[in-house]
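One structure is given below, encoded as structure tokens.
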Amino acid sequence: MEPKISIKPDYRLIFILLSGAFVALLSNTFLNVALPAIKDDFGITTSTVQWVSTAYMLVSGIVIPTTAFLMQRFSARKLFITAMVLFLTGTLVAGLSPTFTVLIAGRMIQASGSAILMPLLMNVMITSFPPAQRGTAMGLFSLVMFFAPAIGPTLSGFVVQSYSWHVLFFMMVPILLVVLSIGWIKLPETDTHYTTKIDIPSVILSTIGFGGILYGFSAAGNSGWMRPDVLLTLIIGFVSVFFYIRKQVHMNDPMLDFKVYKFPMFTLSSLLIGTMNMALFSGMILMPIYLQDIQGISPLDTGILLLPGALIMGFMSPVSGKLFDMFGPKILAITGLTLTVSTTFFFSQLEVDTSYTFLIMLYSIRAFGMTLVMTPVMTNGMNQLTPALTPHGSSINSMLNQVSGAIGTALLITIMQNRMNSKLGDVANLDTAAMNQAMLDGINFAFLIATLLLAVALILAFFLKRVTSDEVIGNDMTKARPIESEER
């Protein structure tokens, strides 16, 4: 049976999914401002405390490969309720955590719910609108994807200034209960028409593969790159991912169909998004460390500094979607990346007393540039896929966001830490000023590496080409049907 393509959006479903996704994504970054407080509370290092964010993205990278199967096997209602229950449970565990280990466990449970929710939302947004309107639709998706993580530091700065970081979790519980209740009552139950079965070896390979890669990059921050356990974990991870992809390519019913990479614009969008996330997600951790540990700025003032950028992201995400519908992805991506590369380079030239106003301007311009890139590039890539491949494309995009973000965060934090340790090794008198200067050198060097990564993305943007409606129709849309019927 051919999958049905809705051209009449179910706005009730979209609104409920957007509400759940907003809360889930908010939690992805709202602890960044609180990292120094968590570090001091538990007496751990900077490399260790970043696991609050890395573990969240690690679990997402493990769970997301299964979401294409889940979307084909279960209704949106069942997936939404399952995701929200998991997220609520993780929030309670993290909020009550007496130790750092329990906090990480709570974050991992949260991530398992969020990992189901985000591909589900993207898939609903793509399949509910025709290609000519998807830019505007994905603008709404990007409003949640960017605005929620961007406003997280501002909100958490206000809370951490006056209360314990535990309150960050407790204040989410009533909102989650309301969203879960509305979804339970209002979401309709639908028949998916799919009977695919989960492949256990694929789950094992993806878990070992993506988990090993992310753990290896993160452990390098504490252990160093040449430690046997780090190298072994990375090797096992990459080998497992290789065999996972190879298995999916040869399966009749793949959990994650890598045929999406036969479409050049989807492939290019993946390269762009992955490269950008490696550079951009790390900045959300580096900036709070710089502001609080070096400049001595309070968590509240740190959040206020990031607020204008968050507001710009919230305003520009729907606008960039409409601009994509009008002008296509290339000119927007080139303009946005030029701004992002320039501002990230300026962040690599920070001083101990860099002006607060100058930092606000830089961060705001950087946020403006980001919104011109992500929505147009992602939408253009998804537009080229057939309906049968859309759930797989949604899952791969969500997985890419998490895995590239986790790798980028771990890599650049490790670069910062190693640069800092190198500078401290040359200092005879390790006073506070010397420690701060060494940390500043590490942060600047990490931002410089991020600038180079973004420059690669800028070069790739020149190869973007708009996917037209005729091209979408030509991509075998009439033959789009469940994967199993094609292979059998």
Side-chain angles (χ1 to χ4, degrees), residues 20-63 82-118 148-149 151-180 207 211 214-215 217-219 221-222 281 284-285 288-289 292-293 298-300 302-303 402 405-406 409-410 413:
F22 183 88
V23 181
L25 280 171
L26 184 66
S27 73
N28 208 356
T29 59
F30 75 167
L31 282 183
N32 290 346
V33 172
L35 289 183
I38 294 173
K39 181 181 69 173
D40 295 340
D41 196 5
F42 291 118
I44 53 181
T45 66
T46 300
S47 295
T48 301
V49 78
Q50 62 133 341
W51 269 94
V52 169
S53 297
T54 302
Y56 189 96
M57 290 187 281
L58 187 153
V59 173
S60 296
I62 291 172
V63 174
T82 300
M84 293 304 294
V85 168
L86 285 170
F87 196 84
L88 176 61
T89 303
T91 300
L92 289 170
V93 170
L96 296 169
S97 57
T99 66
F100 186 68
T101 302
V102 177
L103 173 61
I104 293 300
R107 291 286 284 167
M108 295 174 80
I109 298 171
Q110 276 190 320
S112 65
S114 177
I116 296 172
L117 190 59
M118 296 314 300
I151 203 172
T154 305
L155 179 63
S156 62
F158 173 77
V159 173
V160 174
Q161 179 76 9
S162 305
Y163 308 99
S164 166
W165 55 265
H166 293 271
V167 177
L168 291 171
F169 294 100
F170 294 139
M171 70 183 187
M172 295 174 62
V173 173
I175 303 173
L176 289 169
L177 287 172
V178 170
V179 173
L180 177 59
T207 300
L214 295 175
Y215 177 82
F217 273 100
S218 299
N222 280 327
F281 271 78
M284 295 179 182
I285 292 180
I289 292 173
Q292 295 181 53
D293 287 357
S298 68
L300 176 59
T302 299
Q402 298 297 337
T409 299
I413 291 294

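Note: hydrogens, waters and symmetry copies are ignored here, and every other heavy atom, side chains too, is used. Just so it is clear, the structure is predicted and the values come from calculations on it, not from any experiment.
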Check: Looking at CG of L86 and CE of M108, how far apart are the two atoms once the value is rounded to the nearest 0.5 Å?
Finding: 13.0 Å

Margin query: Using the side chain to side chain contact (heavy atoms under 4.5 Å, CB included) criterion, which residues pair with V167? Sequence neighbours excluded.
Written below: V159, Y163

Note to self: Any heavy-atom pair between the side chains of F22 and V179 that's under 4.5 Å?
What the structure shows: no

Check: Partners of S162 by side chain to side chain contact (heavy atoms under 4.5 Å, CB included), sequence neighbours excluded?
Finding: none

Next item on the list: Using side chain to side chain contact (heavy atoms under 4.5 Å, CB included) as the criterion, list what pairs up with I44, not counting sequence neighbours.
Entry: K39, F42, T48, V49, F100

Next item on the list: Quick one: pull up CG in D41 and NE2 in H166 and give me the separation to the nearest 0.5 Å.
Entry: 5.5 Å

Check: L168 and A34: which non-hydrogen atoms are nearest, and at how many Å?
Finding: CD1-CB, 4.0 Å

Margin query: Minimum heavy-atom separation for A83 and G113, please, with both atom names.
Written below: CB-O, 3.3 Å

Item checked: Heavy-atom side-chain contact between L103 and W165 under 4.5 Å -> yes

Next item on the list: Using the side chain to side chain contact (heavy atoms under 4.5 Å, CB included) rule, take L35 and I289 through it: C-alpha gap first, then chi angles, then the decisive distance, then the call.
Entry: CA-CA 8 Å; L35 289 183; I289 292 173; 5.6 Å; no

Check: Sub-3.5 Å donor-acceptor pair from the side chain of S97 to the main-chain atoms of A94, do we have one?
Finding: yes

Next item on the list: For Q110 and F87, work out which heavy atoms get closest and say how close.
Entry: O-CD1, 3.2 Å

Next item on the list: List the steps and the verdict of side chain to side chain contact (heavy atoms under 4.5 Å, CB included) for L117 and M84.
Entry: CA-CA 8 Å; L117 190 59; M84 293 304 294; 4.1 Å; yes

Check: Between A55 and I104, what is the shortest heavy-atom contact and its length?
Finding: CB-CG2, 3.8 Å

Note to self: Tell me the closest heavy-atom pair linking S112 and V59, and the distance in Å.
What the structure shows: N-CG1, 3.9 Å

Next item on the list: Enter the distance from T91:OG1 to L96:CG here, rounded to the nearest 0.5 Å.
Entry: 10.5 Å

